[in-house]
Structure formats: structure tokens, C-alpha cells
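Beneath this line is the structure, given in C-alpha cells, with notes to follow.
Heavy atoms only: backbone and side chains are in, while hydrogens, waters and symmetry mates are out. By convention here, the first residue in the shown sequence is residue 1. This one's a predicted model, so the numbers in the text were calculated from it and none came from an experiment.
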Amino acid sequence: NAYPMLTGNRQYNKLDTTYPIIKQFFGTVALLTYGGKNYVLDATEKYLPFGMAPYGLLNSRGYVLKDTKTAVWSPIVNELPNTETINISASFTNNQKLTGTITYNTGSYTMSRYQNITPVSNRHGSIRHFFTTQSPDMEVETISDTLHATNGRYTQFVNFTTQPVTDSTGNIYLSLQSVFTPLCYDFTDSTRISDVDFGYKQKTLTMLRVEIPTGYTPGPLPEPVTISTDDKSIVCMFDTKQIGNTLIMQIKVDYNEPVYDRNQYDAFYNFHRHLYKLTGQPVVLYKKQ
């Protein structure tokens, strides 16, 4: 069974469900009911996996026209989280610059957003602009990406060079933030008047692997830490370890809700304050005298 469904747009306003007024609707999609589940279908979203509601409609409601006399409101949500992995492999050059590759793997909505940027030169230009604005100290050398059509995943490769933080004696200070500045999240303002609406649940894993250069020895490593909000709606695990001659720092953040009400923002803000400290916590590579 499939029905037309009138929709709004989450970018502008939520629909008033007390009484349907035609001018508040922005478009029409199809609602397919199959196997006890509802699927929102939009043929204009050619890169979005089947059954995933368009991002612009998430966490809103649609007005389903079942026949000339029957219409019902239906929620538009995406229950599955979007997963993102960021693997950064780096080593030091002879002049002590840090060079490496960022491998970014994701799917669903983020994949669709990148695939919609055409031609490829425009997409790579958008990626380069992101890094030059978010990480001004990073020199982006090459960019490539690929779409894995069989499993709906998108992978991005960015080769980079950056100048690490050092002191007057030549010691090197490494942190996730110092290498990958976009980990400085946006929630730095203690006040907010609107909800934090990601649209969907998210699971993000960021891992940094750095080869310890010859002539250096790492200082004490930070202890593994797990932090969360009281209701476990956000959970973060941070860990640093040394395996052989490789230093590994990783952080995993799970946003278990798609929307965080503005009344929850105090807890949300305080959580991210701790998150900033974790990603900025350095490991010192001491230069041997």
C-alpha cells in the first residue's frame, strides 16, 4: 500500500498538526507500508539508500492522504544511526613535519550529501575548503574518494602535512585536536535558545596512529576515560596506548538521540566541555638529549 504524503521542511518550521493548512506544506513524497513498517520514498533523492527518509524531512510529520475522506499524520524518523570512522595515519619527516593520510568512511545521509556535489572537481574543492577553514595549519596535498555501491558506503582520502606543536627544547606535543582540528566541536556557547537537531543518531570513531620518530620517547599516557550524560543519551570513550613504535589515540562518541531539547542543553554543553579537554589532552614526545 502506498499513499501520497504532504510534507514540510525541517529547515523552516514544524508543521502545525492541529489543522492542516495547505500553505504550510512544501512538497509531496510517497509513504509505503510494507511488513508492518513505513517507508518514506522520494525519487529525487537518487543517492539515498532505499527506505531512508530525506534529511530535510527528518523528525517532522507528514500528512498522509489515504483517500478522499481519510487523512492521518505520520512521523518521519530514521531509527538507524549513521556511522562514521576517521582513521589518521601519520609519521614525521626529516624536518619534523607530520605527514599522513586521513581516511574518512561514512554512509547514508553524509554519503548522499557528498554524492550530490558534482562534478568530482567541485566535490574535492568542497573537501579542500573544509580543511583549509577548519584546519588552517594543515596543508592538503591530494584528495580522492570512492563510493562502495554494494554496501552504500563512501570513503574519502586526504593526504596532508602539518607542523606539530613543539617547545623551545624540541619536545613534540601530540593531541587529536592538534592534528585534526575539526574535532573542536561547535558547542562552545553556554547558552542556546533552540534544540540541537542532528536529524539522526550518530556513532563516530576517530583514531590517530603516529609513528614515534627516532630520538624521541613518549611521556606518560593519559588514562582511558568514559564519560556520558546522566541519561546516557551521549557516551564518549577515550583511550591512548603505545604498540611498538606507534602511538595510538582514539575517541568514540555515540549520540543516541537524533534531537536534544534546548531544556537539556546544560547537560549537553557540559558534556562537550569535557570532550574538548579529552581531544586536546596532549602526549609529550620528549627529545632525547
Heavy-atom pair with the smallest gap, counting every atom of S175 and L208: O-CD2, 4.2 Å

Under 3.5 Å side-chain donor-acceptor pair for K97 and T93: no

Would you give the length of the straight line joining atom CD of E139 to atom OG1 of T161, rounded to the nearest 0.5 angstrom? 5.5 Å

Main chain of Y276, side chain of T279: is a donor-acceptor contact present, judged purely on distance under 3.5 Å? yes

For the side chain of S89 and the backbone of R209, is there at least one donor-acceptor N/O pair under 3.5 Å apart? no

For side chain to side chain donor-acceptor pair (under 3.5 Å), just list the numbers for R153 and T85, CA-CA rounded to whole Å, side-chain angles, deciding distance to a tenth of an Å, and then say yes or no. CA-CA 11 Å; R153 302 293 292 178; T85 59; 5.2 Å; no

Any chance the side chains of N256 and D254 put a donor and an acceptor closer than 3.5 Å? no

Does F160 offer a backbone N or O that forms a donor-acceptor pair with the side chain of T99 under 3.5 Å? yes

Determine whether a donor-acceptor pair (N or O, by modelled atom type, separation under 3.5 Å) exists between the side chain of D197 and the backbone of V259. no

Between S60 (side chain) and L57 (backbone), is there a donor-acceptor pair under 3.5 Å? yes

Do other residues, nucleotides or ligands put more than 12 heavy atoms under 6.0 Å from D230 CG? no

Atom pair CG/CD of L48 and Q115 - distance to nearest 0.5 Å: 11.5 Å

Is R192 reaching over with its side chain to a backbone N or O of D195, donor-acceptor style, under 3.5 angstrom? yes

Flag, side chain of R61 to backbone of L15, donor-acceptor distance under 3.5 Å: no

So Y265 and F268, would you call those rings parallel, tilted or perpendicular, with 30° and 60° as cut-offs? parallel

Nearest 0.5 Å, what's the NZ-CG distance between K252 and L205? 7.5 Å

Distance-only polar pair, side chains of N159 and T142, donor-acceptor under 3.5 Å: yes

Can I102 be reached from F130 by stepping across I, L, V, M, F, W or Y side chains whose heavy atoms are under 4.5 Å apart? yes

Could you measure the distance from the CD atom of Q281 to the CD1 atom of I251? Nearest 0.5 Å is fine. 10.0 Å

Can you tell me how far the OG1 atom of T33 sits from the OH atom of Y3, to the nearest 0.5 Å? 6.0 Å

Hydrophobic clusters here meaning ILVMFWY residues chained together by side-chain heavy-atom distances under 4.5 Å, can you tell me if M111 and F198 are in one? yes

Does atom CG of D231 have more than 12 heavy-atom neighbours, drawn from other residues, nucleotides or ligands, at distances under 6.0 Å? yes

Centroid separation F187 to F271 less than 6.0 Å: no

Should N105 and T155 be marked as a side chain to side chain donor-acceptor pair (under 3.5 Å) after you check the CA-CA gap, both sets of side-chain angles, and the distance that decides it? CA-CA 4 Å; N105 185 275; T155 306; 2.7 Å; yes

Between Y200 and Y109, is the gap from one ring center to the other below 6.0 Å? yes

Going from CE on M237 to CG on L278, what distance comes out if it is rounded to the nearest 0.5 angstrom? 12.5 Å

Ignoring hydrogens and geometry, is there a side-chain-to-backbone donor-acceptor pair from W73 to T17 under 3.5 Å? yes

More than 12 heavy atoms from other groups under 6.0 Å of CG on N95: yes

Decide whether Y55 and F25 are clustered together by the hydrophobic rule: side chain heavy atoms of Ile, Leu, Val, Met, Phe, Trp, Tyr closer than 4.5 Å, transitively. no

